[in-house]
**Q** 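Supplied in structure tokens, the structure appears directly below.
Side chains are part of it too, since the values below use all heavy atoms of this structure and drop only hydrogens, waters and symmetry mates. Bear in mind the structure is a predicted one, so any value in this text is a computation, not a measurement.
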Amino acid sequence: MESALATAPVDRRTVVSLFSRLRTAGGQSNPLPLYAKLRAMGEVVQAPWGGHLATSYTVCHQVLRSRSWRVPDTDWRARQDDAGRWSAAASRQMGDTLPMLNSPHHTQVRRSLGNMFDRKSLGIMKSSVERTTERLLDRLAEELRDGPADFVALVGDELPVITIGEWLGIPPADYPLLRSLTHDQVFTQELFPSPSQLALSDASTHRLRQYFTGLVQERRKSPGDDPVSSWLRTWDALESDRHAADEAVYALALFMLLAALETTSHLLSSMVRLLLEHPQQLEWLRVHPEYIPGAIDEVLRYDAPIHMISRVAPEDTELAGVTVRRHEMVQLMVGAAHHDPDRYAEPGLFDIRRKAPHLSFGGGIHYCLGNALARLEATCLLTSLLKRLPSLRISSAPLWAPRVAFRRLMALQVAHA
């Protein structure tokens with residue numbers, strides 16, 4: 001059915017209507033039918049607001065793996081006509097973070113980080129993540145004694161901020177503030193942020209800047225064996241201007257927080273949601289815990305934390321028979337690509353034994369730095385849940401944030417069966 005419709009003319013109003021529905025909490029509760037309609041319009045669809053939308057796995061994979069396609073960096077943002085959208089303080093700040101840097105600047109910054117989450121580092125972090133997981137599940141179990149409890153608030157949002165906070169050496173008292181600011185900051189990375197959302201994102205970015213510039217100055221005065229102190233030593237050797245070195249380290253610390261919280265929180269909460277919605281697979285996994293890595297990958301395919309990734313054409317390029325002009329943006333609709341029937345058999349079926357690839361960690365030079373840490377957190381959580389809470393069930397419909405690019409499960413009420 002989809003391939004038969006692929007050559008049909010694209011109706012501008014239909015595309016706008018689909019995205020209007022995707023931007024609602026109802027649309028986010030089940031975006032798959034909307035993605036199917038989008039894919040039916042073609043592998044590459046002209047976006048009514050400018051640029052193009054890529055809907056197939058093949059095209060998304062091709063662009064993400066390419067070394068020539070670029071990210072919308074600060075220079076690109078400065079050239080856009082929509083100053084309110086792309087020149088906002090939060091947008092400019094994002095343009096300076098690692099995911100929005102192009103080579104050769106990206107290469108220099110990436111090398112300065114080294115291999116942060118290698119096997120040795122993760123081995124050291126594992127015991128701490130396990131302890132945190134057990135503590136959070138203790139609290140969840142205690143809350144469940146009195147009735148339903150919100151898994152997102154008690155566990156899904158907590159484990160990532162504690163993990164990255166401990167790694168960076170941030171005081172635990174600051175975790176709630178940083179978690180709240182991160183939730184607000186992400187609006188600038190959405191497809192259609194409203195003026196009020198951009199203002200909220202700008203305000204949170206300002207406060208995050210104050211926080212992390214203060215953290216950098218503190219580590220300058222009292223360096224330790226934490227990552228921020230290590231980055232300062234690295235950048236002092238790379239950059240003769242101390243202010244420039246401090247700015248580089250600030251951008252790294254901010255990026256680590258932003259990258260670690262929203263996406264990992266969604267992975268953890270979505271993992272629990274999907275497994276509770278498929279109790280037979282959950283019970284099978286309880287008997288076969290060696291399949292936990294595969295189950296996590298299927299969660300990442302079925303409901304990726306990021307459903308839309310932006311890339312910019314380096315020159316006039318042809319994608320799936322469509323000409324994309326130099327500097328035009330292509331939105332890679334990863335959420336739709338992960339349910340492409342040309343790539344996956346029965347893509348709408350959640351199957352933890354699927355063993356299929358996905359694009360949730362991106363690709364090429366921008367492949368997610370923290371993918372191993374996210375997997376570690378998910379593995380620790382799922383391993384413990386399988387042992388501790390065998391009668392867990394969803395007690396009411398999940399609540400979704402009305403966002404398109406960054407998925408956010410706002411609440412997941414669970415109870416004992």
**Q** Consider only side-chain N and O atoms of H106 and D73, and report whether a donor and an acceptor are under 3.5 Å apart.
**A** no
**Q** Please check if the number of heavy atoms outside E134 that lie under 6.0 Å from its CD is greater than 12.
**A** yes
**Q** For residues 176-225, which residue pairs qualify under ring pair (Phe, Tyr, Trp, His ring centres under 6.0 Å), counting only residues two or more places apart or in two chains?
**A** W49-F192
**Q** Measure from the side-chain N and O atoms of R301 to the backbone N and O of P347, and report whether any donor-acceptor pair falls under 3.5 Å.
**A** yes
**Q** Looking at E318, I'd like to know if its CD atom is crowded, meaning that more than 12 non-hydrogen atoms belonging to other residues, nucleotides or ligands lie closer than 6.0 Å.
**A** yes
**Q** What pairs with D138 under salt bridge (charged side-chain N to carboxylate O under 4.0 Å, His left out), at least two apart in sequence or on another chain?
**A** R388
**Q** Can you measure from OG1 (T74) to CE (M100) and round to the nearest 0.5 angstrom?
**A** 10.0 Å
**Q** If you measure from the Lys or Arg side-chain nitrogens to the Asp or Glu carboxylate oxygens, is any gap between E262 and R403 under 4.0 Å?
**A** yes
**Q** Y57 vs H61 aromatic rings, parallel, tilted or perpendicular, using cut-offs 30° and 60°?
**A** parallel
**Q** Could you verify whether a donor N or O on one side chain and an acceptor N or O on the other, from D340 and S56, lie under 3.5 Å apart?
**A** no
**Q** Hey, is the main chain of P305 close enough, under 3.5 Å, to the side chain of T263 for a donor-acceptor pair?
**A** no
**Q** To the nearest 0.5 angstrom, please state how far the OG1 atom of T55 sits from the NE2 atom of H52.
**A** 12.5 Å
**Q** T379: what forms a side-chain hydrogen bond (donor to acceptor under 3.5 Å, both in side chains) with it, not counting sequence neighbours?
**A** none
**Q** In Å, rounded to the nearest 0.5 Å, how long is the span from CG of L282 to CG of L386?
**A** 6.0 Å
**Q** Tell me whether E190 contacts the main-chain N or O of V404 through its side chain, where contact means a donor paired with an acceptor under 3.5 Å.
**A** yes
**Q** Tell me whether the count of non-hydrogen atoms from other residues, nucleotides or ligands lying under 6.0 Å of CE in M116 goes above 12.
**A** yes
**Q** Who passes side-chain hydrogen bond (donor to acceptor under 3.5 Å, both in side chains) against T383, sequence neighbours left out?
**A** none
**Q** Which pairs of donor and acceptor atoms, one on a side chain in residues 349-358, lie under 3.5 Å apart (sequence neighbours left out)?
**A**
{"residue": "D351", "atom": "OD1", "partner": "R353", "partner atom": "N", "Å": "3.0"}
{"residue": "R354", "atom": "NE", "partner": "E298", "partner atom": "OE1", "Å": "3.4"}
{"residue": "R354", "atom": "NE", "partner": "E298", "partner atom": "OE2", "Å": "3.2"}
{"residue": "R354", "atom": "NH1", "partner": "A345", "partner atom": "O", "Å": "2.8"}
{"residue": "R354", "atom": "NH2", "partner": "E346", "partner atom": "O", "Å": "3.0"}
{"residue": "R354", "atom": "NH2", "partner": "L349", "partner atom": "O", "Å": "2.5"}
{"residue": "H358", "atom": "ND1", "partner": "S360", "partner atom": "N", "Å": "3.2"}
{"residue": "H358", "atom": "NE2", "partner": "D297", "partner atom": "OD1", "Å": "2.9"}

**Q** As an exercise, state the distance from CG of L154 to CG of L137, rounded to the nearest 0.5 Å.
**A** 10.0 Å
**Q** For the CG atom on D225, are there more than 12 heavy atoms of other groups (residues, nucleotides or ligands in this structure) within a distance under 6.0 Å?
**A** no
**Q** Side chain of T213, backbone of R209: donor and acceptor closer than 3.5 Å?
**A** yes
**Q** Take atom CZ of R67 as the centre, draw a 6.0 Å sphere, and report whether it contains more than 12 heavy atoms from other residues, nucleotides or ligands.
**A** no
**Q** Would you check if I170 and I164 make a side-chain contact, meaning some heavy-atom pair closer than 4.5 Å?
**A** no
**Q** Verify side chain to side chain donor-acceptor pair (under 3.5 Å) between D303 and H338, making sure each step is shown before the conclusion.
**A** CA-CA 8 Å; D303 189 13; H338 281 168; over 6 Å; no
**Q** Would you say the side-chain atoms of S196 and S194 include a donor-acceptor pair closer than 3.5 Å?
**A** yes
**Q** With a 4.5 Å cut-off on side-chain heavy atoms, are L392 and L144 touching?
**A** yes
**Q** Side chain to side chain contact (heavy atoms under 4.5 Å, CB included) between W69 and V324: does it pass, once the steps are laid out?
**A** CA-CA 11 Å; W69 281 80; V324 181; 4.3 Å; yes
**Q** Among pairs that include at least one residue of residues 117-143, which meet ring pair (Phe, Tyr, Trp, His ring centres under 6.0 Å), considering only residues two or more places apart or in two chains?
**A** F117-W167
**Q** Holding to salt bridge (charged side-chain N to carboxylate O under 4.0 Å, His left out), I want the full list of residues that pass it with R135, two or more places apart in sequence or in another chain.
**A** none
**Q** Side-chain donor-acceptor pairs under 3.5 Å in residues 308-316, sequence neighbours left out?
**A**
{"residue": "S310", "atom": "OG", "partner": "Q331", "partner atom": "OE1", "Å": "2.8"}
{"residue": "D316", "atom": "OD1", "partner": "R326", "partner atom": "N", "Å": "2.9"}
{"residue": "D316", "atom": "OD2", "partner": "R325", "partner atom": "NH1", "Å": "3.2"}

**Q** Kindly determine whether L22 and L191 satisfy side chain to side chain contact (heavy atoms under 4.5 Å, CB included), including the steps that lead there.
**A** CA-CA 11 Å; L22 275 172; L191 181 60; over 6 Å; no
**Q** Look up atom OG in S222 and atom CD in Q217, then write down how far apart they are to the nearest 0.5 Å.
**A** 11.5 Å
**Q** Let me see the working for R77 and S91 under side chain to side chain donor-acceptor pair (under 3.5 Å), right down to the final yes or no.
**A** CA-CA 8 Å; R77 292 166 192 248; S91 179; 2.8 Å; yes
**Q** Taking atom types as modelled, find out whether W231 and S112 have a side-chain donor-acceptor pair closer than 3.5 angstrom.
**A** no
**Q** Is the backbone of Q28 close enough, under 3.5 Å, to the side chain of R407 for a donor and an acceptor to pair up by distance?
**A** yes
**Q** Within a 6.0 Å radius of atom CZ on R207, are there more than 12 heavy atoms belonging to other residues, nucleotides or ligands?
**A** no
**Q** Would you call the rings of W76 and W86 parallel, tilted or perpendicular, taking 30° and 60° as the class edges?
**A** perpendicular
**Q** Walk me through it: do Q93 and L254 pass the test side chain to side chain contact (heavy atoms under 4.5 Å, CB included)?
**A** CA-CA 10 Å; Q93 178 60 77; L254 174 65; 3.6 Å; yes
**Q** In terms of side-chain geometry, is the basic nitrogen of R286 or E283 positioned less than 4.0 Å from the acidic oxygen of its partner?
**A** yes
**Q** Within the side chain of T234, is there an N or O that forms a donor-acceptor pair under 3.5 Å with the backbone of S230?
**A** yes
**Q** Considering residues at least two apart in sequence or located in another chain, which fulfil the salt bridge (charged side-chain N to carboxylate O under 4.0 Å, His left out) criterion with D157?
**A** R408
**Q** Is it the case that the side chain of S395 and the backbone of Q413 share a donor-acceptor pair, with hydrogens and angles ignored and the cut-off at 3.5 Å?
**A** yes
**Q** Only pairs at least two apart or in different chains count here, so list each side-chain hydrogen bond (donor to acceptor under 3.5 Å, both in side chains) that has a residue in residues 115-128.
**A** D118-S121, S128-E166
**Q** Whether the side chain of R92 engages the backbone of D96 through a donor-acceptor N/O pair (distance < 3.5 Å, no angle test) should be reported.
**A** no
**Q** What distance do R111 atom CZ and L238 atom CG have between them, rounded to the nearest 0.5 Å?
**A** 11.0 Å
**Q** State which residues pass side-chain hydrogen bond (donor to acceptor under 3.5 Å, both in side chains) with E218; sequence neighbours excluded, sorted by chain then number.
**A** none
**Q** Any sub-3.5 Å donor-acceptor pair from S229's side-chain atoms to P223's backbone N or O?
**A** no
**Q** Taking the six-membered ring where the residue is Trp, are the ring centres of H307 and F406 under 6.0 Å apart?
**A** no
**Q** For R179, what residues pass the salt bridge (charged side-chain N to carboxylate O under 4.0 Å, His left out) criterion, not counting sequence neighbours?
**A** E158
**Q** Check whether Y344 reaches the backbone of A337 with its side chain - one donor and one acceptor, N or O, closer than 3.5 Å.
**A** no
